[in-house]
Amino acid sequence: MAQWQEDEETVEPDTHRQSEPVKLLTRTVLRGRNPYHTSTVVRQTFDFGSLHALRSGEIGSGFAEQFIESFRTLRRALPNGDFSRDFFQRLSEPPGVAIEEAVLEAIMALEATLAFERGRLDAEIFGMIEPVDIARQTALIWPSNSPNTSRQVAEIGLAGVIALLPAHYSKMPSLDVSALEDQFAKLRRRVRRRRPTAGAAALAAAALGQGIACQVLGGDRLRLGQGALQRTIAVSTSINAVGLTDDSNDVMQRLADVGLPVPQQYRPALERQVADSLEPARAGVLVNLPGPARHDQRPSPIDASARIISVADQTETPREDRSVDGGFGGQDFSLLVIDGSYTAAVRRMPPIIEGDGEGTTKDLIRQLNRDPFRDDFRMMQVPIDDDLINHLGKQGVRLDDVLPAGRVVSLRSSPSISAGGAAIDVTDEVHHDNRMLAERVGKVLDQDFISIDFVTTDISRSYKVGVGTIMKINAEPELHGYLWPRHSKRDGLAPTVLAHLLKGRAEVQIPASLIAGDRGTGRIARELDGLLRGNRRSVGLVTRHGAFINGEALDIPDSRRRRSLGLLIHDPRIEALVGAVSLRQIVKRGMQLETCQSSAITSRNVDGDVDLFRKGMDVLIRATLGHIVVSADDVLALDAVRMVEASRVILVTPRRQGNTLERHLAEGGPAIVTRWREDQEQIVLIEAGEPILTLPTGDTGRPSPRRPQKRSIEARMFALALAHGLGLQVSELEQAIGQAPALVPTIKREGRPNPAAAVSGLP
């Protein structure tokens with residue numbers, strides 16, 4: 001971060017602005033979907049004191065330049081993460097941007113860098129400024145993948161901006177810029193400890209893009225899905241590839257036996273004999289060396305004869321554990337086969353530079369490393385080390401040489417991505433015969449996920465008429481090059497790989513249902529819990545009284561009780577989730593979940609804040625993927641769902657007639673009503689205008705100590721509607737009703753069960 005330097009254009013001290021320092025006040029984390037975004041955000045309140053409403057145009061011409069210099073590099077950590085053109089323009093021109101916006105942009109720049117360190121290259125960068133009723137206070141809102149670090153990010157961002165201001169603008173103590181940088185560097189290192197591989201990051205982005213819950217466990221491991229359906233996968237590991245790489249000679253022999261083009265193999269006693277035997281043909285070869293591989297010792301068919309001579313010159317000692325494959329020279333390609341089908345191909349190239357007649361070799365290497373794609377994640381930087389210098393020397397090139405215009409020089413002998421190599425997408429250029437060859441290899445080896453190292457002079461020519469050979473089969477292919485190819489003309493490979501890894505497990509999200517409102521939510525939630533358990537599902541239940549799994553109360557600390565829904569959704573024991581929530585708390589704290597399959601809106605407290613209630617309904621409705629259950633008597637809820645398709649709204653009413661109900665049924669909407677037949681009240685589920693389920697409420701109209709109350713009947717109607725919205729068929733509902741256990745008892749505040757609150761299940 002750059003230090004502010006005062007100049008002649010700096011404005012004179014303003015005594016009014018020296019009066020009060022800037023302070024960080026309350027911080028709120030809104031988890032899951034919320035009024036601001038579809039996922040978790042942080043809402044940090046600031047008291048900007050004497051800086052409130054200050055604009056960058058008042059500070060001096062140097063502020064904009066210093067701000068960009070300090071934070072632009074951080075923001076550019078993400079692809080397409082640069083400041084917007086609009087912000088650039090407003091920052092540099094009078095009257096400038098408000099100091100609040102500058103702080104928010106600084107915070108988002110820091111968050112962009114942390115997102116990169118977590119491997120979230122798809123992370124959104126956006127923020128909002130929300131006025132607060134109290135004078136000089138402002139709330140800044142931004143998304144955060146790690147809310148635990150958001151307070152520290154806010155402190156560093158605020159301090160970084162203030163460090164750029166002339167001293168007379170704030171009474172905050174003098175800021176040590178180097179200390180700020182050290183603080184942020186420590187934060188980056190801490191966040192990076194769980195950074196995934198680039199391949200895992202690409203698949204995580206694909207999963208989240210498809211609405212699949214995904215947790216990065218570090219390295220190449222991901223946890224996909226929810227509850228009992230969640231699954232942990234290792235990105236670079238084939239599902240059924242066992243023993244394929246135990247004996248590469250045996251694999252190549254199996255391919256040769258069926259007439260596939262593979263190189264002939266030798267095991268010479270002396271490496272000098274390799275050069276002598278292949279010198280006349282100058283054929284391409286692949287040399288496999290034991291032990292830790294250096295860059296120049298990686299197997300490569302490119303420039304093969306020179307490789308052999310250089311290796312042979314190293315020693316005259318017989319080495320029985322070294323092997324040589326005699327093959328063809330050409331370019332290095334890798335073909336990916338998934339489920340027996342050709343899927344993608346990349347050309348693997350070592351890092352190269354091209355002379356311009358002006359810059360030295362060192363200058364061209366630095367220019368190469370300035371490519372934004374070489375972020376040491378998608379592509380590696382190419383450091384100037386002994387291996388690079390030695391490889392250049394073999395080509396007669398030194399670091400200080402000025403390369404002639406057009407001369408191309410490789411920096412490594414290996415096309416390995418870890419050595420700075422590039423993977424160029426050539427999927428559409430591969431000849432049909434070469435594609436069929438790749439698929440045939442997969443069938444011969446009976447593998448559903450392999451990559452094939454293929455060498456040819458022209459991938460667009462058939463191996464039958466051109467020069468081409470299989471060099472290696474990888475049973476655990478490294479997906480990095482396929483998922484992050486350079487100069488790709490296509491996208492969408494990550495979802496294909498993801499679908500393969502989830503083969504046989506199409507459903508990875510457990511059904512979740514939320515009941516929101518001020519009254520009756522807990523009773524409805526307990527009724528639905530009983531129905532789902534009667535359907536032989538393991539159910540997680542959250543009400544204001546506690547959290548349960550299959551009726552057993554969980555011991556969750558008070559500090560985490562507000563997050564019970566978010567905790568249970570990842571519990572491997574549960575197959576369905578039911579939650580009773582407050583619409584006003586959704587506005588204030590977030591929904592905890594990003595989506596739910598069905599939801600219900602119950603009555604509101606007349607004395608409550610109606611605006612908050614409306615905002616909460618809007619969040620819940622946008623989060624619901626399936627059916628929304630509302631009462632025909634709830635005018636507020638009916639107004640909220642007026643734009644939702646009638647087929648997704650289940651109307652609940654104790655009456656069999658009424659304008660609202662008739663209009664809803666005429667539009668094709670489902671409903672649950674009550675009716676009297678043979679002196680008995682019945683609950684009826686109507687769909688497409690026809691009754692599809694009928695069951696007694698237990699009310700015969702005669703006085704009885706066991707006569708159900710109106711609220712109990714209404715709760716059962718809502719629960720049936722929600723269960724139907726979760727996909728339970730009529731036969732499953734009938735089975736669930738007959739086998740529903742006793743409702744989960746409520747819990748007193750001190751956490752002890754209240755036996756008197758237990759009630760029987762559905763009749």
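Keep in mind it's a predicted model, so treat the numbers as computed, not measured.
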Please report the shortest heavy-atom distance between [X] and [Y], naming the atom on each side.
X      : Y      : answer
Ala646 : His664 : O-CE1, 3.4 Å
Cys214 : Ala207 : CB-CB, 4.1 Å
Val216 : Pro196 : CG1-CB, 3.5 Å
Asp220 : Ala200 : CA-CB, 3.9 Å
Arg519 : Thr602 : O-OG1, 3.0 Å
Ile141 : Leu104 : O-CD1, 4.0 Å

So, are Glu527 and Arg716 salt-bridged, with charged N and O less than 4.0 Å apart?
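Judged by the 4.0 Å cut-off on N to carboxylate O distance, Glu527 and Arg716 do form a salt bridge.
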Quick one: does any side-chain atom of [X] pair with a main-chain N or O of [Y] as donor and acceptor, under 3.5 Å?
X      : Y      : result
Gln682 : Thr694 : no
Glu130 : Thr138 : no
Asp529 : Leu541 : no
Thr343 : Ser341 : yes
Arg563 : Arg560 : no
Thr40  : Arg31  : no

Heavy-atom side-chain contact between [X] and [Y] under 4.5 Å:
X      : Y      : answer
Leu554 : Leu568 : yes
Leu24  : Arg151 : yes
Leu217 : Thr232 : yes
Ile338 : Val497 : yes
Val581 : Ile515 : no

What's the verdict on salt bridge (charged side-chain N to carboxylate O under 4.0 Å, His left out) for Arg33 and Glu594, showing C-alpha distance, side-chain angles and the deciding distance?
CA-CA 5 Å; Arg33 192 178 288 261; Glu594 294 184 1; over 6 Å; no
Worked check of side-chain contact (heavy atoms from CB on, under 4.5 Å) between Thr521 and Thr543:
CA-CA 8 Å; Thr521 57; Thr543 71; over 6 Å; no
For the residue pair [Y] / [X], report whether a side-chain donor-acceptor contact shorter than 3.5 Å exists.
X      : Y      : answer
Arg27  : Thr45  : no
Glu124 : His37  : yes
Ser513 : Ser598 : yes
Gln597 : His627 : no

Pairing residues for Arg648 by the salt bridge (Lys or Arg N to Asp or Glu O under 4.0 Å) criterion, not counting sequence neighbours
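For Arg648, the residues satisfying salt bridge (Lys or Arg N to Asp or Glu O under 4.0 Å) (neighbours in sequence not counted) are Glu645.
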Mind checking what makes side chain to side chain contact (heavy atoms under 4.5 Å, CB included) contact with Ser631, not counting sequence neighbours?
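Applying side chain to side chain contact (heavy atoms under 4.5 Å, CB included) to Ser631 gives Asp633, Asp634, Phe718.
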